[in-house]
Amino acid sequence: MGLRLWISMSLLRKIEAEAATILSRAGILRDVSLEGTFEVPPRPELGDLATKVCFTLASKLRKSPAEIAAQACSEAEVAEGGLIERVEAKGGYINFYFNWPRVAEELLKEALKPGYGKPVVKPMRVMVEHTSVNPNKALHIGHARNACLGDFVSRLLRFAGHEVIVANYIDDTGTQVADIVVGFLHLGFPLEKEGVKFDQYCGDDVYVRVNRMYSEKPELLEKRREVMKLIDEGGNDVADFARKLAERVLRSQLQTLWRLGVYYDLLNWESDILRAKLWEQAFRKLKAGGYVYYAEDGKAKGCWLLKLSHLPEFSKLESPDEILVRSDGTVLYPGKDIAYAMWKHGLLEDTFSYKIFSRQPNGKLLWTTTVGEGDREHPKFNDVELSINVIDVRQSYEQKVVAAALQMLSRGEKKYIHYAYEVVSLSRRTARKMGIEADESRQFIHMSGRRGWYVNADTLLEALYQKALEETRKRNPDASREFLEKTAEAIAVSAFRYEMLKVSPDKMIVFDLDEALKLEGNTAPYLQYAHTRCAGILRKAGDWSPEYKPRSLKEPEKALLRHILMYPKAVESALRDLRPIHICSYAHKLATLLNEFYQKCPVIKAEEHTRSFRLTLVKAAKCTLASALDLLGIVPLERM
RNA sequence: GGCCCCGUAGCCUAGCUCGGAUAGGGUGCAGGCCUUCGGAGCCUGUGGCGUGGGUUCAAAUCCCACCGGGGCCGCCA
C-alpha cells in the first residue's frame with residue numbers, strides 16, 4: 001500500500017539543500033548524499049535540524065561517527081545570511097542551527113499561502129471505493145471506520161492534486177437485501193415504523209427478526225432463495241421492489257454519512273453491474289487471454305478457475321487457482337469483483353447508464369448507475385490508473401486474488417490497492433450494557449448484524465452530540481441555541497472521526513462507549529480548542545499588520561515554527577502509506593505547542609513589534625492546523 | 001495443517017517501511033497553576049518495548065524460534 005510520487009518544494013527542502021551544500025565543502029563528506037538522513041533533534045539545545053549521515057559512513061570510512069562529524073563540522077563553511085547559521089557536531093550527529101530571522105520570515109510567508117504543505121505530484125486518476133454497506137441496515141461503527149478511512153484517503157489525494165473519484169458500491173442483490181424483502185413480502189412486516197429512521201428499522205428490527213425466524217421456520221430459507229433468484233433475473237415485481245427498498249435504505253444511510261461529512265461521486269449498484277453484463281465481457285477477455293481454464297476433473301470439476309499457480313505468492317498454496325464460476329455456471333464473488341475491477345481500470349467497455357441521484361449537502365452532485373436510458377451527458381467515471389478499495393481485513397485473501405488478476409490483465413500498468421483495516425469490536429463492558437449475552441471469558445465481542453450485536457453510527461453520533469451540547473452550554477451560558485447546536489454538531493462529528501482515524505488501520509478498535517464519550521486529552525475537541533484559541537487572539541487583536549521577522553524568539557515560538565516547518569513532511573508521510581495517523585499526530589503536536597505558546601508568550605499585551613510578529617505566527621499556526629484538520633474531516637471552529 | 005495481522009506502563013496508543021541522541025502521546029493516580037489573550041488548557045511526579053536466541057559499533061525497529069490474542073483458507077459475500 002502506498003504511493004511514491006511526490007516531490008516537495010517546501011522551505012524545509014530548501015533548508016536541507018543548504019545543509020547539504022554546507023557539508024559538501026567538507027572534504028570528508030564530498031559526494032555523500034544526505035537524502036533521507038535528516039531528523040529533528042530530540043532537544044532544542046541540540047539544534048533545529050540534524051543529520052545522522054556520519055553513522056552510516058562510519059564503517060566505510062573506518063572512523064567513529066563522532067570523528068567524522070567533528071571533522072566535517074570543522075571543514076564546513078556556513079554562508080553569510082543563509083538559512084543556516086551554525087553547524088555543530090555532537091555524539092556523531094551533525095546539528096544545524098537556523099538563522100531564525102530568515103527562516104521565520106520565509107516560513108511564515110509560505111505557511112500563510114493557501115495550500116501550504118501540498119506536495120507537487122504527477123496527477124493521477126484514482127478511484128477510491130469505500131463504505132459499501134449492504135443496503136438493508138444502518139451503518140454500525142465498523143462501517144463508519146471504513147467510511148472515515150476512505151474519506152480521509154480521498155481528501156488526502158485530492159489535497160495532493162490527484163483526480164479522485166469516490167465510489168460507493170451497493171450490493172442490492174445479495175442475501176442481506178433478500179432477507180428484508182422476505183420480511184416485507186412474506187412475513188407482513190409493515191413498510192415503515194413511525195419515528196424510526198428507515199435503515200435502522202430495516203436493520204435493527206426486520207433483518208434481525210427475519211434471521212431469528214430462519215432457525216424456527218427453515219422453509220423461509222426457500223422463500224429467500226426464490227427472492228434472490230428473482231432479484232438476480234431482474235425485470236419482475238420482486239426485483240423492482242428490492243431495488244426501491246434498497247434505495248430507500250441507502251438514502252437513509254447517506255443521511256448518516258453526510259452528517260459525518262462523507263460524500264461520494266458515484267453509487268455503483270450490483271444489479272446494474274449484472275445488467276451491464278460486466279462479467280460476460282470480463283469472462284470473454286479472461287478466456288481469450290488464457291487466464292482461466294475449465295476443470296475437467298478434481299475437486300473443482302466443472303468450474304472455471306483463474307490461473308494463479310505460476311505466481312510466486314500463490315505457488316505455495318495447496319490449491320492456488322481460484323474458482324470464478326461454479327459448476328452450475330453461476331459466477332462467484334471473486335469473479336464479479338475482478339470484472340468490476342477491470343471496469344474501474346478501463347479494461348472493459350463502460351456499458352453502464354448513469355443519472356443524477358442527488359445533490360449532496362456540500363453542493364456536489366452524486367451520480368448513480370441506473371437501468372435503462374440514463375443521462376446522455378455525464379462525467380467519465382472509470383478508466384483510472386489506481387484504485388484504492390477500502391475493505392476490512394477479513395477479505396484480504398480474496399482481494400489479493402483480485403489484485404493479482406488485475407496485475408496480469410493490465411500487464412502491471414494499473415494498480416489495485418486493497419486498503420485493509422481491522423474490525424471494530426465491542427468492549428465487554430459495553431456489550432454487557434447492551435444486554436448482549438456473549439462469552440464472558442472474551443476481552444471483546446465481535447459485532448454481528450444478524451444477531452443485532454452492534455452500535456449504530458447514529459447512536460454514537462447522537463450520544464456525542466448530547467455530551468458536546470451539554471459541555472458547550474456550560475462554557476457558553478448566554479449563547480444562542482443555534483450556536484450551541486451548530487458547535488455541538490461540529491464537535492460530535494469531529495470527535496467521531498478522530499476516534500476512527502487516530503488508531504492504525506491494522507489494529508482492532510475495541511469500542512467502549514464511556515471511553516468514546518470523553519472529550520479531553522487526545523481527542524478532536526482538543527485540536528479544535530487550540531484552533532479557537534488562535535481565533536480568539538486574532539479576534540481580540542483588532543487591526544494589525546503582519547510582521548514576519550522576529551527580533552528575538554522564545555523557545556515556545558521556535559518550537560511552533562519548527563513544527564509548522566515540518567507540515568509538508570507529515571503530508572508526505574501520509575501520502576506514502578495512506579495512513580491518517582501521521583496527520584493526527586502532527587495536528588495533536590501542533591495543538592500542544594500552541595497551548596504551550598499560549599501559556600508562555602503573551603500576544604496582545606506584547607510590545608508592538610513582538611505583538612505583530614506573534615499575531616502573524618498565530619495566524620500561520622492556525623492556518624496550518626486548519627489544513628491538517630480539513631484532511632481529517634475535523635471542523636475547525638472559531639469559537640466553541 | 002498452511003497463510004496473514006496484532007503484542008510497547010493499570011488501561012489505550014505513536015515509533016517498526018529507512019536500525020542511531022534520555023522510547024513520544026493520552027488516560028488513570030498524586031500534587032500544583034485562576035488580579036495574565038477562554039481551564040475542552042498548562043506544569044510536576046508515577047509507570048513500558050511478550051519471551052529466548054542471533055546479526056550489528058548500535059535493536060522497540062532486521063533475522064530465527066517460542067508464547068499469547070485475533071483473522072483467513074475453491075464452488076459464501
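Below, chain A is the first sequence line, B the second, and so on; all start at residue 1. Please read these numbers as outputs of a predicted model, since none were measured by experiment.
- Here A/Leu332 lies in heavy-atom contact (under 4.0 Å) with sugar-phosphate atoms only.
- In this structure, of B/A77, B/U17, B/G41, it is B/G41 that holds the atom nearest to the side chain of A/Arg533.
- Counting any heavy atom pair closer than 4.0 Å across all strands shown, A/Gln599 reaches a base atom.
- Across all strands shown, A/Gln395 has heavy atoms under 4.0 Å from base atoms, whether or not it also approaches the sugar-phosphate.
- Nucleotide B/U22 holds its P atom 7 Å from the CZ atom of A/Arg43, rounded to whole Å.
- Aromatic ring centroids of A/His563 and A/Tyr586 lie under 6.0 Å apart.
- Note on A/Tyr526: only backbone sugar-phosphate atoms sit closer than 4.0 angstrom, heavy atoms only; bases stay farther off.
- Rounded to the nearest Å, the gap between the P atom of B/C16 and that of B/G7 is 12 Å.
- If you check every strand for non-hydrogen atoms under 4.0 Å, A/Cys601 touches a base.
- Cation-pi contact between A/Lys554 and A/Phe597: absent, since separation from the ring centre below 6.0 Å together with deviation from the ring axis within 45° is not met.
- Rounding to whole angstrom units, CG of residue A/Leu317 and P of B/C4 are separated by 10 Å.
- With distances taken from any side-chain atom of A/Lys605 to the nucleotides B/A14, B/G71, B/U36, the minimum falls on B/U36.
- Searching all strands for a Watson-Crick or G-U wobble partner of B/C66 with both distances below 3.5 Å returns B/G50.
- Within 4.0 Å (heavy atoms only), A/Lys299 reaches at least one base atom of the nucleic acid.
- For A/His446, counting side-chain heavy atoms from C-beta on, the closest listed nucleotide (B/G71, B/A21, B/G25) is B/G71.
- Rounded to a whole angstrom, the distance from the P atom of B/U8 to that of B/G70 is 15 Å.
- The partner of B/A58 is absent, by the rule that a Watson-Crick or G-U pair needs both atom distances under 3.5 Å.
- Within 4.0 Å (heavy atoms only), A/Val603 reaches at least one base atom of the nucleic acid.
- At least one test fails for A/Arg450 against the ring of A/Tyr207: distance under 6.0 Å to the centre or angle within 45° of the axis.
- For the C1' atom pair drawn from B/C62 and B/A58, the interatomic distance equals 13 Å after rounding to whole Å.
- Base pairing analysis places B/C3 opposite B/G71; the two distances defining the Watson-Crick or G-U wobble pair are each below 3.5 Å.
- To the nearest whole angstrom, the two P atoms, one in B/G32 and one in B/G48, are 25 Å apart.
- Among the nucleotides B/C37, B/G71, B/A14, the one closest to the side chain of A/Ser585 is B/A14.
- In this structure, B/U17 forms no base pair with any nucleotide, since neither Watson-Crick nor G-U wobble geometry is met with both distances under 3.5 Å.
- At the phosphate of B/G7, OP1 or OP2 sits under 4.0 Å from a side-chain N or O atom of A/Lys507.
- The pair A/Arg579-A/Asp506 counts as a salt bridge, with a side-chain nitrogen and a carboxylate oxygen less than 4.0 angstrom apart.
- In this structure B/G38 sits in no base pair that meets the Watson-Crick or G-U test at under 3.5 Å.
- With respect to A/Glu222 and A/Arg225, a salt bridge is recorded, a charged nitrogen being found less than 4.0 Å from a carboxylate O.
- For B/G52 and B/A60, the P atoms lie 13 Å apart once the distance is rounded to whole Å.
- Below the 3.5 angstrom threshold, one finds a donor paired with an acceptor across the side chain of A/Arg475 and the base of B/A40.
- The residue A/Ile491 sits close to a base: some heavy atom pair falls under 4.0 Å.
- A/Lys502 has its NZ atom 17 Å from the C1' atom of B/G15, to the nearest Å.
- Ring pair A/Phe444/A/Phe511: centre-to-centre distance not below 6.0 Å.
- Looking at A/Asn95, its side chain comes within 3.5 Å of the base of B/A21 through a donor and an acceptor atom.
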Walk me through it: do A/Glu470 and A/Lys467 pass the test salt bridge (Lys or Arg N to Asp or Glu O under 4.0 Å)?
CA-CA 5 Å; A/Glu470 186 193 322; A/Lys467 179 85 187 286; over 6 Å; no

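- The gap from the C1' atom of B/C6 to that of B/A21 amounts to 30 Å, rounded to the nearest Å.
- Here the side chain of A/Asn595 is nearest to one of B/C76, B/G39, B/C42, namely B/C42.
- With centroids closer than 5.5 Å and planes inclined by less than 30 degrees as the test, A/Tyr93 and the base of B/A21 pass as a stacked pair.
- Among the protein residues, A/Ala541 comes within range of no part of the nucleic acid, since none of its heavy atoms lies under 4.0 Å from any strand.
- Here A/Arg442 lies in heavy-atom contact (under 4.0 Å) with sugar-phosphate atoms only.
- Between B/U17 and B/A77, the distance separating the two C1' atoms is 32 Å to the nearest Å.
- Side-chain proximity of A/Met640 to B/C37, B/U17, B/A40: nearest is B/A40.
- Atom pair A/Glu596:CD and B/G24:P shows a separation of 14 Å (rounding to whole Å applied).
- Closest contact between the side chain of A/Tyr529 and the listed nucleotides B/G71, B/G41, B/G20 involves B/G41.
- In this structure, A/Asp321 reaches the bases: a heavy-atom distance under 4.0 Å links it to at least one base atom across the strands shown.
- Using a 4.0 Å heavy-atom criterion, one finds that A/Tyr598 contacts the bases of the nucleic acid, with or without backbone contacts as well.
- Contacts of A/Ser396 with the nucleic acid, taken as non-hydrogen atoms under 4.0 Å apart, are absent.
- The side chain of A/Lys90 sits closest to B/A21 out of B/C72, B/A21, B/G15.
- When rounded to the nearest whole Å, the span between CG of A/Leu517 and C1' of B/A40 equals 14 Å.
- Distance from the side chain of A/Lys52 is smallest for B/G20 among the nucleotides B/G70, B/G20, B/A77.
- Results of the ring-ring contact (aromatic ring centres under 6.0 Å, His included) test with A/Trp304 over A/Tyr293, A/Tyr291, A/Phe283 single out A/Phe283 as the only residue that passes.
- B/A9 is unpaired under the criterion used here, namely a Watson-Crick or G-U wobble arrangement in which both key atom distances are under 3.5 Å.
- In this structure, A/Ser504 reaches the sugar-phosphate backbone alone: every heavy-atom distance under 4.0 Å involves primed, P, OP1 or OP2 atoms, never a base.
- One interatomic measurement links the two molecules: CD of A/Glu39 to P of B/C18, which rounds to 16 Å at whole-angstrom precision.
- Between A/Gly298 and A/Glu471, it is A/Glu471 whose nearest contact on RNA chain B lies nearer the 5' terminus.
- A salt bridge does not link A/Arg562 to A/Glu557: none of the charged side-chain nitrogens sits closer than 4.0 Å to a carboxylate oxygen.
- In this structure, A/Arg579 places its CZ atom 11 Å from C1' of B/C16, rounding to the nearest Å.
- Put simply, CD on A/Glu499 is 10 Å from C1' on B/G26, counting in whole angstrom units.
- A/Arg611 has no carboxylate O lying under 4.0 Å from a charged side-chain N of A/Glu607, or vice versa, which leaves the two without a salt bridge.
- Separating the C1' atom of B/G54 from that of B/G15 is a span of 23 Å, rounded to the nearest Å.
- Sequence order on RNA chain B of the closest nucleotides to A/Arg539 and A/Gly36 puts A/Gly36 first from the 5' end.
- Contact check, A/Arg326 against B/C76: a side-chain N or O comes under 4.0 Å of OP1 or OP2.
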